2 protein chains.
Amino acid sequence: MSDPNTRPNSRIQRQNREVILEAALDVFSAHGFRGATLDQIAAAAGLSKPNVLYYFASKEAIHLDLLSGLMDSWLAPLRALDPAGDPMEEILDYVRRKIEMSRDYPRESRLFANEILQGAPRMAEAIEGELKSLVDEKAAVIRGWGAEGRIAAVDPHHLIFSIWALTQHYADFDVQVRAVLGPGHDPFAEAGQFLEGLFTRLLAPATGQMPEA
Amino acid sequence: MSDPNTRPNSRIQRQNREVILEAALDVFSAHGFRGATLDQIAAAAGLSKPNVLYYFASKEAIHLDLLSGLMDSWLAPLRALDPAGDPMEEILDYVRRKIEMSRDYPRESRLFANEILQGAPRMAEAIEGELKSLVDEKAAVIRGWGAEGRIAAVDPHHLIFSIWALTQHYADFDVQVRAVLGPGHDPFAEAGQFLEGLFTRLLAPATGQMPEA
DNA sequence: CCTGAGACTGACCGTTTGGTCAAACATCAA
DNA sequence: TTGATGTTTGACCAAACGGTCAGTCTCAGG
C-alpha cells in the first residue's frame, strides 16, 4: 500500500496528481462543484475514473485540495502590501498584481467565485480566519495612511472590497465583458489602465493638489 | 388538456407557476443550475415533483423562465439613465439603483452571476444583443458628457463595468463581505456611501475644481 | 529469470436524478 | 347526479452519478 493521499512520493504519483488537479481546475471552475463529474475530470486528465480515485479519495478531496492550495496564492498580493512603502504606489501595485492574477489565473478566480457564490460551504473558516485577519491588518495600515493625509481618507475595508470586485470582475465575467466590448479589445490591458486612473483619482490626497494628467 | 406551459390561464395555474418560480429562484441562486434538483424546488414550493413538472416542461424550462424574466429588470436601471439629465447626478442615480437592486434582489444577482460564470450558455444571445446594444447606446451618451467636459473623460464601457462589478459584488459575495466586516455592519448602506464618494471623485471634471468635501 | 509493490482497469453497485404515466381526486356547469 | 375538464400523486423508469473491488499489468531490484 502506497497511500498516495497522504504521501505523494514517487515521480509518477506527483505527476499524476498534478495532471488530475489541473484537469479538475478546468472542470470545477467551468461547472462548479456539483456541475462537475468525475468522468469529465478523468477524461480531461486522460485517465480512467478508477485511476483518478486511486490518487484522490473522492471528488470532494480533489476539490478541497484545489481550494486549500488556492487561499495562499490568493492572499499573496495583499500580503505583499508594504506598510513602509509609498501609500499610493503600494495600493496601485496591489491593484496591478490583482489584475495580473485575473489575467493569468482566471480559472482560479472562477473557482473561488463559485465557492463564495454558494455560501462558501467549504471555505467558511478560512475566510473568517486567515482572510479576515489579513484584511483587518492591512486595512489598519491603509487607515493610518489616510489619517496622516498621505492618501484620501476612505473606508479601507470597502477600498479593498472595491479592488477585489473590480479586478476579479474581469476574470469571473470574462464572457460578458468580451461580448459587450466586441472584438478587437484587450480587456485586461484596458482594465489595467482604467483602474490605475480610477484609484489614482480616488486616493489623491485632498490637499487641493490634483495629480498631473 | 390545458397546456399550462403555453397558456397560464386559470388563477390556480398563475399562482402555482409563481410559487414554483419563487422556490426555483431560491434553489438555483443558491446552488446553480446543475446543483439544484427538482426535489429541492418541489419541496421549497410545497408541491410534489410530478406536480411541478405539470406546470413546467422540465427543469431547464423553469430556469429559462427565470432568466428571460431577469434580463429586463436587470437592464432597467441602466435604461433609466437620462441623456438629458445632469451627468454626475444621472450616473450617481444609476449607482444608487444598482446598489438597491443588490440589496433587494440578491438572489437574482446570484442567479445572473452563476450563469455568466459558467460561460452564459443560456444567455449568450441576450448578452450580445439586448445588453450590448443598450450598453453601447448609454456609453455613447457618457462619452459625450466626457467630451463636453461635464464629467471626467473616462472610458465609458469600463465605467459601466466598474459600476456592475462594485454593486453586484455586495450581493454575489455577500457571505465574504459580512465575514470580513464582522458583526455590527450594514454592508449595503456602507457601500452606498463609499461608492457615492468613489464615483464623485472619479468623475469630477478636471477643471482644477475639486468637489467640496 | 523471478518477485512483489505500485499502477491501472473493466465490471459492477447503490443512490440520485430528471422525467413519465396511469390512475385518482377536485371542481363545476349542465 | 353526471360527465368533462383541470389538478395532483404514488409508483415507476432509464440514465448518470460517485464510488468499490477483484484482478491484471508494469517494472525495478534481486
Side-chain angles (χ1 to χ4, degrees), chain A residues 1-28 30-67 114 118 121-122, chain B residues 1-28 30-67 114 118 121-122:
Chain A
M1 210 181 299
S2 70
D3 198 353
N5 298 318
T6 55
R7 297 193 216 157
N9 293 330
S10 76
R11 185 174 66 257
I12 190 165
Q13 277 190 19
R14 269 193 296 270
Q15 184 177 316
N16 273 350
R17 282 180 68 95
E18 198 59 35
V19 167
I20 292 169
L21 287 173
E22 176 69 16
L25 179 56
D26 260 357
V27 179
F28 281 135
H31 305 297
F33 177 75
R34 191 71 203 295
T37 70
L38 279 174
D39 292 273
Q40 284 178 295
I41 295 171
L47 300 171
S48 67
K49 185 170 66 173
N51 203 11
V52 168
L53 289 167
Y54 173 72
Y55 290 101
F56 289 89
S58 65
K59 177 185 172 184
E60 186 157 1
I62 305 176
H63 194 242
L64 280 177
D65 207 292
L66 282 174
L67 285 184
N114 254 307
Q118 315 203 346
R122 302 160 221 273
Chain B
M1 210 180 299
S2 69
D3 198 354
N5 298 318
T6 57
R7 298 192 215 158
N9 294 329
S10 76
R11 183 174 64 258
I12 190 167
Q13 277 190 19
R14 269 193 295 271
Q15 183 177 318
N16 274 349
R17 282 181 66 97
E18 198 60 35
V19 167
I20 292 168
L21 286 174
E22 176 69 16
L25 178 57
D26 261 358
V27 179
F28 281 135
H31 306 297
F33 176 75
R34 191 71 202 292
T37 70
L38 279 173
D39 293 273
Q40 285 177 295
I41 295 172
L47 300 171
S48 66
K49 184 170 65 171
N51 204 9
V52 167
L53 289 168
Y54 173 72
Y55 290 101
F56 289 90
S58 66
K59 176 184 172 184
E60 184 156 1
I62 305 176
H63 194 242
L64 281 177
D65 208 292
L66 282 175
L67 286 184
N114 255 306
Q118 316 204 344
R122 302 159 222 273

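Per chain, numbering begins at 1; letters A, B, ... match sequence-line order. Because the structure is predicted, anything quoted here is derived from the model rather than measured.
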(request) Verify side chain to side chain contact (heavy atoms under 4.5 Å, CB included) between F33(A) and R122(A), making sure each step is shown before the conclusion. (result) CA-CA 11 Å; F33(A) 177 75; R122(A) 302 160 221 273; 3.3 Å; yes

(message) With a 4.0 Å limit, can you tell me whether R34(B) has a side-chain N or O closer than that to the phosphate oxygens OP1/OP2 of dC17(D)?
(response) yes

(message) Need one value for I12(A): base, sugar-phosphate or nothing, where a base atom within 4.0 Å counts as base even if backbone is also close, heavy atoms only.
(response) sugar-phosphate

(message) Could you tell me how far apart I20(B) (CD1) and dT8(D) (C1') are, to the nearest whole angstrom?
(response) 12 Å

(request) Return no unless some side-chain N or O of Q13(B) is found under 4.0 Å from OP1 or OP2 of dT7(D). (result) yes

(message) Tell me the closest heavy-atom pair linking I20(A) and I41(A), and the distance in Å.
(response) O-CG2, 4.3 Å

(request) Would you kindly give the OH-to-P distance between Y54(B) and dT7(D), to the nearest whole Å? (result) 4 Å

(request) Give the minimum heavy-atom separation between L21(A) and L66(A), together with the two atoms involved. (result) O-CD2, 3.7 Å

(message) Could you tell me how far apart F56(B) (CZ) and dG19(C) (P) are, to the nearest whole angstrom?
(response) 13 Å

(message) Tell me every residue that passes side-chain contact (heavy atoms from CB on, under 4.5 Å) with H31(B), counting only those two or more places apart in sequence or in another chain.
(response) V27(B), Q40(B)

(request) With the side chain of D39(B) defined as its heavy atoms from C-beta on, choose the nearest nucleotide among dT7(D), dG6(C), dG18(C). (result) dG18(C)

(request) Would you mind reading off the distance between Q40(A) atom CD and dA16(D) atom P, rounded to a whole angstrom? (result) 12 Å

(request) Could you tell me the separation between the CG atom of N16(A) and the C1' atom of dT9(C), rounded to a whole number of Å? (result) 14 Å

(request) Would you kindly give the NE2-to-P distance between H63(A) and dG18(D), to the nearest whole Å? (result) 13 Å

(message) Looking at F28(B), I'd like to know if the NZ or CZ of K59(B) sits under 6.0 Å from its six-membered ring centre while staying within 45 degrees of the ring's axis.
(response) no

(request) Just call it for A42(A): base, sugar-phosphate, or nothing, with non-hydrogen atoms closer than 4.0 Å on any strand. (result) nothing

(request) Using atom CG of N51(B) as one end and atom P of dC25(C) as the other, report the distance to the nearest whole Å. (result) 16 Å

(request) Determine the contact category for A61(A): base if any of its heavy atoms lies under 4.0 Å from a base atom, sugar-phosphate if only primed atoms, P, OP1 or OP2 are that close, otherwise nothing. (result) nothing

(message) Minimum heavy-atom separation for V19(B) and A45(B), please, with both atom names.
(response) CG1-O, 3.4 Å

(message) According to salt bridge (Lys or Arg N to Asp or Glu O under 4.0 Å), does anything in residues 39-53 of chain B pair up with another residue at least two apart or in another chain? List the pairs.
(response) D39(B)-K49(B)

(request) Would you mind reading off the distance between Y55(B) atom OH and dG6(D) atom P, rounded to a whole angstrom? (result) 12 Å

(request) Scan nucleotides 19-30 of chain D nucleotide by nucleotide, 5' to 3', and note B when protein non-hydrogen atoms come under 4.0 Å of the base, S if they reach only the sugar-phosphate, - if neither. (result) BBB---------

